[in-house]
Amino acid sequence: MLKMYDFAAIERKWQSRWERDRLYRTADAPETRKYYSMEMLPYPSGDLHVGHAKNYAFGDAVARMMRMLGYNVLHPMGWDAFGLPAENAAIDRGIDPAVWTTENILNMRRQIRLMGTSYDWSREIATCEPEFYRWNQWLFLRLFERGLAYKREAPVNWCPHDRTVLANEQVIDGRCWRCEHLVERRNLSQWFLRITAYADRLVADLDRLGGWPERTRTMQRNWIGRSEGVAVTFAVEGLDVPIEVFTTRADTIYGATFLAVAPEHRIVQSLRAIVSADRAVAIDRFVKELSSKSELERTSLMEKQGVFTGAYAIHPLSRERVPIWLGNYVLAEYGGGALMGVPAHDERDFDFATKHGIPIVQVILPESAAAATPFDKPFVEDGRLIASAEFSEMSSVRAREAIAARLAAMGAGEPRVTYKLRDWLISRQRYWGTPIPIVYCEACGEVAVPDEELPILLPPRERATGEGSPLGSICAFVNTTCPKCGGPARRETDTMDTFFESSWYFLRYLDPHNDRQPWDPQRAAQWMPVDQYIGGAEHAVLHLLYSRFFYKFFHDEGWVTGSDEPFERLFHQGLVLRDGDKMSKSRGNVVGIDETAERYGVDAMRLFLMYVTPPEETSNWTDAGISGRVRLLNRIWRACERHFDEKPTAGPMPAAETDAEKALLRAVHVVAKSAIDETMTPRFHYNTTIAKLDELVNLMTAAAPQPASPALRYGVQMLPILIAPFAPHIAEELWERLGNETSVHLQRYPEPDARALTVEEITLVVQVNGKVRARIPAPAGVGEEEALALALADPNVRAHIDGKELRKRIYVPDKLLNLVA
RNA sequence: GCCCAGAUGGCGGAAUUGGUAGACGCGCUGGUUUCAGGUACCAGUGGUGGCAACACCGUGGGGGUUCGAGUCCCUUUCUGGGCACCA
């Protein structure tokens, strides 16, 4: 590949010039319309490949477009710098995680700068720095004060490989989201954040997030899993403690032929005491067998197992005796850990009853069916009630209300909303994270560290073994005094989930050097919400849900105003594949940024990533593809080169003399219109914009008007502005060589001019019976009768009409005439 | 199993509200420049038939609505993503 222009020198030159001139510093200028544009902050894993580059190329193009459209754009970058890979690398290689992280940040910052991105680096943050994580601790204490952070013992997900617990959101198909090892179940005392207190708002407000992809909203909705139903109380024979179950199908209550209780349910020990010795033994055996099984093993992988406790409950409406079972498919943490089994109308209950010989009683009939018929699978839809006392003949919908009302009147039930969402477990038994600011005092118990003692610094690590509690083994850290009574106390030795810091970092960018507050609420009022957030879809229910929770809390505290949603619009970019495979070191198919920049130049790389596919699609990296973009840049250079010695002619659009000039002026404005439309829609399909740019360059080179043509000189002057958001370096160099003095990136993007965009001549498509028979040039705005005359003058059209009578005529102005004969 | 998105030349992909299918690029073919290769430039490039004008076929398969369907409806296959004992 011959280099027509020296991209390496140009890219180097402008990157340092922009930095010297602080071109991309953002001022807090409240008088200008703001635009907060952000890409998800990266984990500093070491090296960037073109998959990352795609994300930054689009984010940067959007930020540059908005600047050139006159917005005050905030476009920051930072590092999600706490986390396991650093710690694991430290254990493997015997280096300090801080050193490993810092080195990676240095390299990745270099690569992101190499891409010619327009970040305001004066706002850069790294979450592992005490200046940042002290505010993690501060926010934790505020949550603690409000009762939104609490410690409790609970069955939790334990990843044996990463040697730490995980939040539910971080377990994918029963496996650790990072290392993919099967998680185990342990009972541990851990810190939780009460995200469930916000469940209702988190699900309700999804409806307002019109700028989010529908599938992301659906995933969050499913994850929160809001269900409306009834909590029903069943009295237990021989016991004064009742069992409460949750059901969304109160209409099926007369079909309840058993109760199933989770083995962890508190009532199990009471039941055990009132049943026969052999039942007690069976209960013990069942509970013990399941105690070590993970939720995945118990629910998805195992068959429905259970054991009859020997005890009976009393049906609140029919007063019949209902046997109480323990079941492995009953989740301890949902719906109170107990359910009423209605085998005729629930798949799972049906399986369980069939397996254990429990009676199946049909109480709902399909609307169409006349009478109860034998069946081999449960009927789970709504229908009409039978065998349900005075509720018989009612529809399911009516019966649900009537039965709920009856139960409520009897004091045996109440309406209840239940969520699948559980509280967010944030304790991690690892070193490289934010220490949780709590001490344990023998006299005072759990005590919050006072604000003025923050930050609790992460102590230097003497030796990393990967065994035991990392902070727990550092005596100087653990042993402290109680802030309340001054007596001896021990520090909490767990660190925080790194999703804690990524749930609010976007606020720190607004005020990154503030040492009195995490951010100034006035700055938040000015800049929030984030107007456009760009990042991978893999965080649909992790980071994006936690951030919404935090932001609602901040809003309730008055630290942010306006909307209580942090991200106005959200965009997920697609992956970049190589040879149809995901890029990975083990496959050896990683396309690195450094090599690509060196071979083809950064502008070509950015152009290719935006051109090859719409941003949301998965794109495939090809060397042939990028050389096409190098070619385009060369042709752009040559188109401008002939005009380097001319004086700048930037000014109003000149009048076009010839058809070629008209076409050229039109092409300029077609590009501008496309770029603006794609930015504002906001669809970001710059692939179509760049295709139109190709067409413009074709016009400027192939069928170029005379070099002296004012239209051509106008096109040449506009070209660097048009490409500035996409190929910022060559744009700047051409702009300078064409005799301009202020940066091309400070120019206004051209307003699409209606005069340039209108066409004077159209192609009239003439169809006969719906088939195209002629394409006739005609003046724009041609009337129907003139169009008909033109069509009938065409020999091919006449041949197809062939003397037949015209029965119908459809005329689409400036487009098409269809003659039906 | 359930829900969502998608399927367009050899390839990546274009195509407001139904109105010229295949823009643009890659690849390929022929030509010009060159000692040659590459680069660059010019022309061609959905399939079939035809010297040509042109005709027929063509947006995963089948059916429908319409003057007209890549676009709307029904049905089916495949691909990608999500959910999957949440009572």
Side-chain angles (χ1 to χ4, degrees), chain A residues 1-4 173 213-216 218-219 221-227 229 245-249 252 260 295 298-304 327-331 333-342 345-349 351-352 418-422 537 540-541 572 574 607-608 611-614 616-629 631-632 634-635 638 677 685 687-698 701-702 762-775 795-796 799-800 807-821:
Chain A
M1 183 78 53
L2 183 77
K3 283 196 279 187
M4 291 293 291
D173 290 335
E214 186 53 52
R215 66 190 165 113
T216 305
T218 304
M219 281 168 70
R221 207 171 277 125
N222 291 341
W223 186 262
I224 297 165
R226 184 179 195 275
S227 301
V245 303
F246 174 73
T247 181
T248 55
R249 292 297 303 272
T252 67
E295 198 165 282
R298 285 173 46 161
T299 57
S300 303
L301 302 180
M302 280 167 86
E303 285 207 25
K304 293 214 169 30
N328 66 334
Y329 74 107
V330 187
L331 300 169
E333 301 265 309
Y334 183 83
L339 60 84
M340 65 177 201
V342 185
H345 305 293
D346 182 280
E347 307 261 5
R348 301 148 300 183
D349 298 344
D351 288 350
F352 190 79
T418 301
Y419 301 92
K420 203 185 113 172
L421 180 72
R422 298 181 209 168
V541 287
H572 296 308
L607 273 184
F608 174 71
Y611 178 72
V612 64
T613 335
E616 69 276 15
E617 300 292 330
T618 300
S619 28
N620 225 316
W621 181 267
T622 63
D623 292 332
I626 192 174
S627 52
R629 298 301 86 193
R631 229 169 284 172
L632 172 67
N634 282 331
R635 289 170 60 226
R638 280 199 309 273
D677 287 350
H685 283 200
N687 55 325
T688 61
T689 305
I690 297 169
K692 292 174 170 82
L693 176 68
D694 274 279
E695 292 189 72
L696 169 62
V697 177
N698 286 345
T701 52
I762 55 112
T763 302
L764 180 71
V765 174
V766 182
Q767 298 182 330
V768 179
N769 294 331
K771 295 207 172 200
V772 178
R773 295 305 176 187
R775 295 180 173 92
N796 200 37
H800 280 91
R807 286 190 289 120
K808 198 170 173 181
R809 181 160 46 140
I810 293 100
Y811 182 61
V812 183
D814 286 344
K815 279 211 170 119
L816 170 137
L817 178 67
N818 187 9
L819 303 172
V820 184

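Predicted model, so just to flag it, every value in this text is computed and none were measured. The analysis underlying the following values was restricted to heavy atoms, covering all of them including side chains, and did not include hydrogens, waters or symmetry mates.
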Worksheet item: So, is A:R221 near the phosphate of B:G82, with a side-chain N or O under 4.0 Å from OP1 or OP2?
Response: no
Fill in: Short side-chain N/O contact to B:C41 OP1/OP2 from A:R635, under 4.0 Å
yes
| said: Using salt bridge (charged side-chain N to carboxylate O under 4.0 Å, His left out), reason through A:R629 and A:D694 one step at a time and then give a plain yes or no. | reply: CA-CA 10 Å; A:R629 298 301 86 193; A:D694 274 279; 2.8 Å; yes
Would you indicate, yes or no, if B:A15 has its OP1 or OP2 atom less than 4.0 angstrom from a side-chain nitrogen or oxygen of A:K692? no
Atom pairs, protein N/O to nucleotides 11-13 of chain B N/O, distance under 3.5 Å:
| unit_1 | atom_1 | unit_2 | atom_2 | d |
| --- | --- | --- | --- | --- |
| B:G12 | O2' | A:V612 | O | 2.8 |

* To do: Look at the side-chain N and O atoms of A:N222 and state whether any lies under 4.0 Å from the OP1 or OP2 oxygen of B:A84.
  => no
Between A:V765 and A:T247, whichever has its closest RNA chain B nucleotide further toward 5' is A:V765
Check your understanding: Between A:K808 and B:C67, is there a side-chain N or O to OP1/OP2 distance below 4.0 Å?
Key -> yes
N or O in side chain of A:R215 less than 4.0 angstrom from B:G6 OP1/OP2
no
Hey, does A:T613 have a side-chain heavy atom less than 4.5 Å from the side chain of A:Y611? no
By the Watson-Crick or G-U definition, both distances under 3.5 Å, B:U45 is matched with B:G27
As its Watson-Crick or G-U partner within any shown strand, both distances under 3.5 Å, B:A21 has none
Looking only at B:A55, B:U20, B:C57, the nucleotide nearest the A:R775 side chain is B:U20
* Asked: OP1, OP2 of B:A55 versus side-chain N and O of A:H800: anything below 4.0 Å?
  -> yes
Residue pair A:H572 / A:R215, side-chain heavy-atom distance below 4.5 Å
yes
Under 3.5 Å donor-acceptor pair, A:N818 side-chain atoms to B:C67 base atoms: yes
Fill in: OP1 or OP2 of B:C56 under 4.0 Å from side-chain N/O of A:R773
yes
Practice item. Rounded to whole angstrom, note down the P distance from B:A14 over to B:G62. Key: 25 Å
The glycosidic conformation of B:G9, counting syn as within 90° of 0 and anti otherwise, is syn
**Prompt:** Can you tell me if the side-chain N/O atoms of A:K815 get under 4.0 Å from OP1 or OP2 in B:G68?
**Reply:** no
Task: Cation-aromatic face contact A:K304/A:F352, 6.0 Å, 45 degrees - done: no
query: Does A:R638 place a side-chain N or O at less than 4.0 Å from the phosphate oxygens OP1/OP2 of B:A40?
result: no
